[in-house]
Every structure is written in C-alpha cells, then in structure tokens.
Amino acid sequence: QVQLVESGGGLVQAGGSLRLSCAASGRLFRRYAMGWFRQAPGKEREFVAAITWSDSNTRYVDSAKGRFTISTDNAKNTVYLQMNSLKPEDTAIYYCAAGRYTSSLSGQYDYWGQGTQVTVSS
C-alpha cells in the first residue's frame, strides 16, 4: 500500500506561481512512477506530468511544457510540481498518483492522494 498526501494549493493571480508537494510513504513506493493530474469542475481528470524516482525520466502534457516542472526529492520522499505563469484555465483540483509507468492515462495509476485545490484568478 502506498500513501500520498498533497499540499501547496491555494489562490494565486494569473501569472503567479505555486509549488505543489506530494509526500509518499508505504511499501515499495519507489518502484512506482509518480504523476500529477488535475480535474476542473465539469471536466474529466487530465494528465499534467509524471516522473520516475530512479532516473527522473519526465513526461508533460503539452499545455504544461515550459511552465510546469515536476521533480523529486528522494531524501524527503516527496514529489513536487512547480507551476509558473499560471493561467485561469489551470484552476482545478490537483491530484498526485503512483503508477507503474509515466503514463498519461489515469487508469494506469494505482494509488491517489486526496487532492489539493488550485485557483487562478484573472
């Protein structure tokens, strides 16, 4: 079993930045790839970024490239999502997930955090 706890969400103006954190714990969590997803009201859950613990291989959705950076701190067992140049359309609940691959498909992830709200005002 893997436990994931997100933090760092909040309200920010357009153009601002936020850093989300996901603290991971539990059995063999380092065998999993870590992903960030988001879900806006009335929309399906959307892939944002993913990374592996072992070699920091990363993957991003096109809308996040150049603005968001996913990273890991192995000493703290934490995955981060640094979000810069935020736009109102980035407003959503952001979820951390653990899966076997750096997949963009939510069904490929086995464990999920509770989510953290990000709101970007115009």
Side-chain angles (χ1 to χ4, degrees):
Q1 193 78 357
V2 174
Q3 293 80 41
L4 305 171
V5 179
E6 303 101 329
S7 61
L11 174 64
V12 64
Q13 288 188 333
S17 298
L18 280 175
R19 188 178 76 162
L20 306 183
S21 300
C22 173
S25 61
R27 180 174 174 81
L28 303 177
F29 71 88
R30 289 191 187 276
R31 291 191 178 184
Y32 291 86
M34 301 298 296
W36 285 98
F37 287 76
R38 65 187 180 187
Q39 189 165 18
K43 294 188 177 182
E44 293 187 355
R45 192 166 294 188
E46 174 190 31
F47 170 77
V48 177
I51 191 168
T52 55
W53 291 102
S54 57
D55 59 4
S56 297
N57 180 39
T58 59
R59 182 174 185 175
Y60 295 92
V61 68
D62 285 346
S63 61
K65 291 178 181 177
R67 298 192 300 129
F68 295 2
T69 303
I70 189 170
S71 62
T72 61
D73 184 331
N74 287 8
K76 295 183 178 180
N77 299 333
T78 300
V79 179
Y80 300 103
L81 185 67
Q82 177 68 45
M83 304 187 294
N84 299 327
S85 303
L86 283 162
K87 305 175 182 180
E89 51 263 43
D90 294 318
T91 295
I93 299 174
Y94 283 70
Y95 297 91
C96 176
R100 297 184 183 277
Y101 313 102
T102 52
S103 174
S104 63
L105 302 176
S106 60
Q108 296 290 322
Y109 289 79
D110 301 313
Y111 300 98
W112 294 83
Q114 81 287 354
T116 185
Q117 177 70 48
V118 171
T119 303
V120 184
S121 63
S122 58

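This chain uses plain numbering: 1 for the first residue, then up along the sequence.
- Under the 4.5 Å side-chain contact rule for hydrophobic residues, Leu20 and Phe47 do not share a cluster.
- Thr102 places a side-chain heavy atom less than 4.5 Å from the side chain of Thr52.
- Aromatic rings of Tyr32 and Tyr111 (six-membered ring for Trp) have centroids within the 6.0 Å cut-off, being under it.
- Atom-to-atom distance recorded for Trp36:CH2 and Leu81:CG is 6.0 Å, nearest 0.5 angstrom.
- The stretch residues 69-122 participates, sequence neighbours left out, in these disulfide bond (SG atoms under 2.5 Å apart) pairs: Cys22-Cys96.
- Distance CD/Gln13 to OG1/Thr119: 13.0 Å, rounded to 0.5 Å.
- Taking the ring axis of Tyr95 as reference, the NZ or CZ atom of Arg38 does not stay both within 45° of it and closer than 6.0 Å to the ring centre.
- Annotation: the span from Ser25 atom OG to Asn77 atom CG amounts to 8.0 Å, rounded to 0.5 Å.
- Taking CD1 of Ile70 as the start and OH of Tyr80 as the end, the distance is 12.5 Å to the nearest 0.5 Å.
- Looking only at atom types and distance, the side chain of Asn84 has a donor-acceptor partner in the side chain of Ser17 under 3.5 Å away.
- Across every non-hydrogen atom of Pro88 and Ser122, the tightest pair is CG-CB, 3.9 Å.
- Of the charged side-chain nitrogens involved, at least one lies within less than 4.0 Å of a carboxylate oxygen, so that Asp62 and Lys65 count as a salt-bridged pair.
- Among Val118, Thr69, Val12, Asp90, the single residue meeting the side chain to side chain contact (heavy atoms under 4.5 Å, CB included) criterion with Met83 is Val118.
- With a 4.5 Å cut-off on side-chain heavy atoms, Trp112 and Glu6 do not count as touching.
- Between Thr78 atom OG1 and Leu4 atom CG the span is 10.5 Å, to the nearest 0.5 Å.
- Nearest approach of Ala98 to Val2, heavy atoms of both residues: CB-CG1, 4.4 Å.
- For the pair Arg31 and Trp53, the NZ or CZ position fails the cation-pi test of under 6.0 Å to the six-membered ring centre and within 45 degrees of the ring normal.
- At a threshold of 4.5 Å between non-hydrogen side-chain atoms, the residues Leu18 and Tyr94 do not count as touching.
- Remark: Lys87 NZ to Ser63 OG distance equals 8.0 Å, nearest 0.5 Å.
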Using side-chain contact (heavy atoms from CB on, under 4.5 Å), reason through Tyr60 and Val48 one step at a time and then give a plain yes or no. CA-CA 6 Å; Tyr60 295 92; Val48 177; 5.9 Å; no

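- Hydrophobic clustering, with ILVMFWY side chains joined whenever heavy atoms are under 4.5 angstrom apart, groups Ile93 together with Val61.
- Proximity of a side-chain donor or acceptor of Ser103 to a complementary backbone N or O of Gln108 within less than 3.5 Å is not detected.
- Shortest non-hydrogen contact noted between Leu11 and Ser121 is CD1-CB, 4.3 Å.
- Smallest separation of non-hydrogen atoms from Gln117 and Ala92: NE2-O, 3.4 Å.
- Listed by chain and number, the residues in a side chain to side chain contact (heavy atoms under 4.5 Å, CB included) with Glu44 amount to none (sequence neighbours excluded).
- Between Tyr109 and Phe37, the ring centre distance stays below 6.0 Å.
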